[in-house]
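Notes follow the structure.
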Amino acid sequence: PALTELVATKWDDGNAYFDATTFQVSNIHSGTGVGNVIPGDAVVDFNFRFSTASTSDSLKTRVHAVLDKHGLQYKLDWTLGGEAFLTEPGTLCD
């Protein structure tokens, strides 16, 4: 249920310069590779394509809220490739 909620969440509406923020699952893995063992944990790799309508901190807060709501024991390792930004009109974008 938690993963379904994260995938279905509307994170923002975007703006005139960016599409709405999206959440993508890039990998899910669990277990030892054999069929007769119930895995004790699962690893889900995901990323956001986010606009200036959201911040990395706001997205983190909302992800934690969803996971907490579902009573999960979890550990998140965040990597930020860069914050979304807009370049003001001028020499670089005229």
Side-chain angles (χ1 to χ4, degrees):
L3 189 54
T4 299
E5 183 173 341
L6 290 168
V7 169
T9 296
K10 182 175 182 178
W11 300 95
D12 60 46
D13 292 319
N15 56 42
Y17 304 99
F18 287 96
D19 290 336
T21 295
T22 60
F23 174 94
Q24 299 89 32
V25 173
S26 57
N27 199 355
I28 300 175
H29 47 99
S30 183
T32 62
V34 296
N36 64 344
V37 175
I38 298 171
D41 60 6
V43 176
V44 178
D45 297 325
F46 64 88
N47 64 65
F48 284 100
R49 303 284 187 211
F50 68 101
S51 70
T52 54
S54 291
T55 66
S56 59
D57 287 338
S58 70
L59 296 171
K60 287 179 188 181
T61 297
R62 292 177 67 190
V63 168
H64 282 283
V66 169
L67 300 177
D68 291 343
K69 179 175 87 173
H70 289 277
L72 300 175
Q73 294 178 358
Y74 64 90
K75 177 184 127 193
L76 294 176
D77 296 319
W78 295 95
T79 301
L80 177 62
E83 294 284 354
F85 66 93
L86 291 173
T87 301
E88 295 293 327
T91 304
L92 292 176
C93 62
D94 283 342

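Please read all numbers here as calculations on a predicted model, not as lab measurements.
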Polar side chain donor-acceptor pair, Q24 to T22, under 3.5 angstrom: yes
Minimum side-chain heavy-atom gap H64-L76 below 4.5 Å: yes
Distance-minimising heavy-atom pair for S51 and G14: OG-CA, 3.9 Å
4.5 Å side-chain heavy-atom contact, V25 and V44: yes
Within-4.5 Å side-chain heavy-atom neighbours: T79 and N47: no
Parallel, tilted or perpendicular: rings of F23 and F48 (30°, 60°): perpendicular
Side chain to side chain, D19 and F50, heavy atoms closer than 4.5 Å: no
Those residues that, when tested against T87, pass side chain to side chain contact (heavy atoms under 4.5 Å, CB included) (two or more places apart): F85, L92, C93
Residues K75 and D77 bridged, charged N to O under 4.0 Å: yes
Reported OH-to-CG distance for the pair Y74 and D68, which is rounded to 0.5 angstrom: 3.5 Å
Steps toward side chain to side chain contact (heavy atoms under 4.5 Å, CB included) verdict (W11, L6): CA-CA 9 Å; W11 300 95; L6 290 168; 3.9 Å; yes
Partner of V63 by side chain to side chain contact (heavy atoms under 4.5 Å, CB included), out of T61, L67, V66: L67
Exercise: do S26 and D45 side chains pair donor with acceptor under 3.5 Å: no
Reported CH2-to-CG distance for the pair W78 and L59, which is rounded to 0.5 angstrom: 7.0 Å
Closest contact, heavy atoms only, R62 versus K10: NH2-O, 3.2 Å
S58 and T55, any side-chain heavy atoms less than 4.5 Å apart: yes
Heavy-atom side-chain contact between F46 and N27 under 4.5 Å: no
Pairwise distance OG(S54) to CD(E83) - rounded to 0.5 angstrom: 10.5 Å
CG/N15: more than 12 non-hydrogen atoms of other groups inside 6.0 Å: yes
Flag if over 12 foreign heavy atoms under 6.0 Å of OH, Y17: no
